[in-house]
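The structure appears below as C-alpha cells.
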Amino acid sequence: MASTDDTAAHDLRDLTDVKVALAAGLCTVGLTLALKYGAGVDVSFVYRLSPLAPYFAYVFTRGAALSVRVWVGLIVAVTLGTFGFFAF
C-alpha cells in the first residue's frame with residue numbers, strides 16, 4: 001500500500017503534466033490563430049504543430065528533472081520563434 005507521501009508526489013506529477021500539456025495546447029492553437037488571422041500567413045500544418053515538439057520531449061524524458069517553468073518557457077519560446085520566422 002502506498003504511503004501518503006507517494007500519493008502526494010503522484011498527484012503533484014499529474015498536475016505538472018496537466019500544466020505542460022495545457023501550455024502546449026494553448027500555444028499550438030494560439031500560433032495557428034496568430035499566423036492565420038494576425039499575420040495573414042498560410043503555414044503548413046506541420047509547422048503549426050511546432051509547440052508540440054517540446055511537449056513530446058517532456059513526455060518521453062518524463063520531465064528530465066527540469067521544472068514546469070522551464071518546460072513551459074521552452075514551449076513558449078518555440079511558439080514565438082515559429083511565429084517570428086513565418087510572420088516577419
Side-chain angles (χ1 to χ4, degrees):
M1 184 166 184
S3 70
T4 57
D5 291 339
D6 292 339
T7 305
H10 182 65
D11 290 342
L12 185 61
R13 180 69 199 187
D14 290 342
L15 185 59
T16 301
D17 290 346
V18 169
K19 287 179 182 178
V20 175
L22 183 63
L26 290 175
C27 283
T28 301
V29 171
L31 177 63
T32 299
L33 294 174
L35 285 171
K36 183 169 181 133
Y37 298 112
V41 179
D42 189 27
V43 178
S44 173
F45 181 68
V46 175
Y47 295 115
R48 288 184 281 144
L49 293 178
S50 64
L52 295 180
Y55 173 70
F56 286 127
Y58 167 79
V59 169
F60 292 130
T61 62
R62 294 306 304 158
L66 298 174
S67 70
V68 176
R69 284 184 176 176
V70 172
W71 285 109
V72 170
L74 183 60
I75 292 168
V76 170
V78 167
T79 303
L80 293 175
T82 304
F83 180 79
F85 182 78
F86 287 107
F88 298 110

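Scanning all heavy atoms of the two residues, the minimum distance from Val68 to Val20 falls at CG1-CG2, 4.3 Å. Across all their heavy atoms, Ala64 and Trp71 have their closest contact at CB-CZ2, 4.2 Å. Between Arg48 and Val43, the shortest heavy-atom contact is NE-O, 3.1 Å. Closest of all the heavy-atom pairs between Val41 and Phe86 is CG2-O, 3.8 Å. Contact record, Ala24 with Ile75: CA-CG2, 3.9 Å, taken as the closest heavy-atom pair.
Rounding to the nearest 0.5 Å gives a distance of 13.0 Å between SG of Cys27 and CG of Leu49. For the atom pair OG1 (Thr16) and CG (Leu66), the distance works out to 12.0 Å, reported to the nearest 0.5 Å.
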- Go through the steps for Arg62 and Asp17 under the test salt bridge (charged side-chain N to carboxylate O under 4.0 Å, His left out), then give the verdict. CA-CA 9 Å; Arg62 294 306 304 158; Asp17 290 346; 3.4 Å; yes
- Message: If you apply the rule side chain to side chain contact (heavy atoms under 4.5 Å, CB included), what do you find for Tyr47 with Leu31, and how did you get there?
- Response: CA-CA 10 Å; Tyr47 295 115; Leu31 177 63; over 6 Å; no
- Between Tyr55 and Val78, is a side chain to side chain contact (heavy atoms under 4.5 Å, CB included) present by the stated rule, with each step listed? CA-CA 11 Å; Tyr55 173 70; Val78 167; over 6 Å; no
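Taken together through direct or relayed side-chain contacts under 4.5 Å among Ile, Leu, Val, Met, Phe, Trp and Tyr, Leu80 and Leu33 form parts of separate hydrophobic clusters. Both Tyr58 and Val70 are assigned to one and the same hydrophobic cluster, defined by single-linkage of ILVMFWY side chains at heavy-atom distances under 4.5 Å. Leu52 and Leu74 fall within the same hydrophobic cluster, defined by Ile, Leu, Val, Met, Phe, Trp and Tyr side-chain heavy atoms under 4.5 Å apart, directly or through other members.
The side-chain contact (heavy atoms from CB on, under 4.5 Å) check on Phe60 picks up Phe56, with sequence neighbours excluded.
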